[in-house]
Amino acid sequence: MNFLRLVSLAITLILSTSVNASIVSSLPHTGTPDWSDVTFSGTSMVVNGSGISSTLTTAPYKGVWFGWLAGQNLPSWTPGSSSDGNYLSFDASFSSNATDWSAYFYDKNHYAAFNFAETGCDGNQFSCYGLTGNAGVSVAHAGATSLDADSTFIPLDLTLPHSYEFLMKNGLVSYRIDGAVVYSGLAYELSLSSPALIIGDSSGSTGTGQGSMIFYSVAFNNTVQDNALVSSVPAPAAVWLFGSGLLGLVGFARRKAS
């Protein structure tokens, strides 16, 4: 697929589709019926104050996350198919020592992910724990010339609250940070038997992940409808910025996802 065709598809995705009202919008904490909540010993997931935010805190060689995962206290809802489309939005910040946190999603055909403060470690070496992560977030997508995994890195102060969104439908994915499109185009192709939505430190028993992730809001939708006027569509004044910005992504620093 040539670049002009990719640009056309990406613009079609972000401008002609948007989401319905969210099916899940509660802050996560252990026992919340809207999410699959997973905490290992030494980790925690708590609501702060009067439901203002939730904090996920991990521990060495442990994991803590929420979302939708087969076999884990499943809620009543399910992620949508590739043709239905899926949309995730959340506001979050991180502790200064946070590394290797993520928000990733499979629709059984394709994969989308925000990876925060990555250390670059493959997770199988226990000596990885305690490494300093990259100061920013990467977003996963297809490679420039194939559907193999690739990513785009965005430098960012993760200790400050930021807004993160992705919308994935029909093999295309769009990512926005603080309302600005940082990637829009082909999603990484990955076939699985079950969908999954995982948000947090999902390192499990591997030697990665530390610190805390603080959520101020989170919402998920499993159906993306055409021509619905909602916040996932850029404001008219930003449309020309999106078009020119997408062209600029050709020169954006990319690295192969591990």
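- Nearest heavy atom pair, residue Lys169 against residue Val224, reads NZ-O, 3.1 Å.
- Side-chain atoms of Ser193 and Lys108, non-hydrogen and from C-beta on, never get closer than 4.5 Å to each other.
- Taking the six-membered ring for Trp and thresholds of 30 and 60 degrees, Tyr175 and Tyr183 have ring planes inclined between 30 and 60 degrees apart.
- Between the side chains of Thr223 and Asp84, not a single donor N or O lies within less than 3.5 Å of an accepting N or O.
- Among the candidates Thr57, Leu158, Thr55, Ile199, the single residue satisfying the side chain to side chain contact (heavy atoms under 4.5 Å, CB included) test with Met213 is Ile199.
- Looking only at distances, a side-chain donor or acceptor of Ser146 sits under 3.5 Å from a matching main-chain atom of Asp148.
- The shortest side-chain heavy-atom distance between Asn73 and Ser36 falls under the 4.5 Å cut-off.
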Go through Phe116 and Phe94 one step at a time and tell me if the ring-ring contact (aromatic ring centres under 6.0 Å, His included) criterion holds.
CA-CA 9 Å; Phe116 303 95; Phe94 297 82; 4.7 Å; yes
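- Once rounded to the nearest 0.5 Å, the distance linking OH of Tyr87 with CD1 of Ile23 reads 13.5 Å.
- The two atoms that bring Val64 and Ser44 nearest to each other are CG2-O, 3.7 Å, heavy atoms only.
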Exercise. Step by step, would you call Asp34 with Ser26 a side-chain hydrogen bond (donor to acceptor under 3.5 Å, both in side chains)?
Worked result: CA-CA 7 Å; Asp34 287 344; Ser26 63; 2.9 Å; yes
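- With rounding to the nearest 0.5 Å, the separation of CZ in Phe105 from CZ in Phe166 is 6.0 Å.
- Of all heavy-atom pairs between Ala103 and Leu88, the closest is CB-CD2, 4.3 Å.
- Side-chain heavy atoms closer than 4.5 Å link hydrophobic residues (I, L, V, M, F, W, Y) into clusters, and following such links, possibly through other members, connects Trp101 to Ile154.
- Under a hydrophobic-cluster definition in which Ile, Leu, Val, Met, Phe, Trp and Tyr are linked whenever side-chain heavy atoms come within less than 4.5 Å, directly or via other members, Met45 and Tyr216 are assigned to different clusters.
- A distance of 5.0 Å separates CH2 in Trp77 from CG in Leu197, rounded to the nearest 0.5 Å.
- Using cut-offs of 30° and 60° for the angle between ring planes, the Phe215 and Phe90 rings count as tilted.
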Q. What do the steps show when you test His141 against Thr152 for side-chain hydrogen bond (donor to acceptor under 3.5 Å, both in side chains), and what is the final call?
A. CA-CA 8 Å; His141 51 77; Thr152 297; 2.7 Å; yes
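- A donor-acceptor contact closer than 3.5 angstrom links the side chains of Thr58 and Asp201.
- Closest heavy-atom contact between Asn86 and Asn222: OD1-CA, 3.5 Å.
- Hydrophobic clustering (ILVMFWY, side-chain heavy atoms < 4.5 Å, transitive): Tyr111 and Leu192 are in one cluster.
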Walk me through it: do Ser163 and Asp178 pass the test side-chain hydrogen bond (donor to acceptor under 3.5 Å, both in side chains)? CA-CA 5 Å; Ser163 154; Asp178 295 331; 4.9 Å; no
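- The two residues Pro28 and Asp37 make their nearest non-hydrogen contact at CB-OD1, 4.5 Å.
- One finds the OG atom of Ser81 at 7.5 Å from the CG atom of Asp107 (value rounded to the nearest 0.5 Å).
- In summary, the side chains of Ser138 and Glu118 do present a donor paired with an acceptor at a separation below 3.5 Å, with no hydrogens or angles considered.
- At distances below 3.5 Å, at least one donor-acceptor pair connects side-chain atoms of His162 with backbone N or O atoms of Asp157.
- Ser191 contributes atom OG, which lies 8.0 Å from atom NE2 of His110 (distance to the nearest 0.5 angstrom).
- Taking 4.5 Å as the limit, some side-chain heavy atom of Leu186 sits within range of a side-chain heavy atom of Leu172.
- Side-chain atoms of Phe153 and Ser151, non-hydrogen and from C-beta on, never get closer than 4.5 Å to each other.
- Looking at heavy atoms from C-beta onward, Trp35 lies out of side-chain contact with Pro75 at the 4.5 angstrom threshold.
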How far apart are the C-alpha atoms of Ser95 and Ser212, what are their side-chain angles, what is the distance that settles it, and do they pass the side-chain hydrogen bond (donor to acceptor under 3.5 Å, both in side chains) test? CA-CA 5 Å; Ser95 61; Ser212 297; 4.5 Å; no
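- Side-chain contact check for Leu190 versus Asn109: every heavy-atom pair is 4.5 Å or farther apart.
- Using a 4.5 Å cut-off on side-chain heavy atoms (C-beta onward), Thr43 and Thr39 make contact.
- Side-chain atoms of Asn170 never come within 3.5 Å of backbone atoms of Gly85 as a donor-acceptor pair (strictly under, hydrogens ignored).
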* To do: Step by step, work out the side chain to side chain contact (heavy atoms under 4.5 Å, CB included) result for Trp68 and Thr78.
  => CA-CA 7 Å; Trp68 192 99; Thr78 60; 3.7 Å; yes
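- The shortest heavy-atom contact between Val38 and Gln72 is CG2-OE1, 3.7 Å.
- For the pair Asp91 and Pro161, the minimum side-chain heavy-atom distance is 4.5 Å or more.
- Put simply, OG on Ser217 and CD1 on Ile52 are 13.0 Å apart, with the number rounded to the nearest 0.5 Å.
- Residue Ile214 is not grouped with residue Leu27 when hydrophobic side chains (ILVMFWY) are merged at heavy-atom distances under 4.5 angstrom, including chains of intermediate members.
- Taking hydrophobic clusters as Ile, Leu, Val, Met, Phe, Trp and Tyr residues chained together by side-chain heavy-atom distances below 4.5 Å, Val218 shares a cluster with Leu74.
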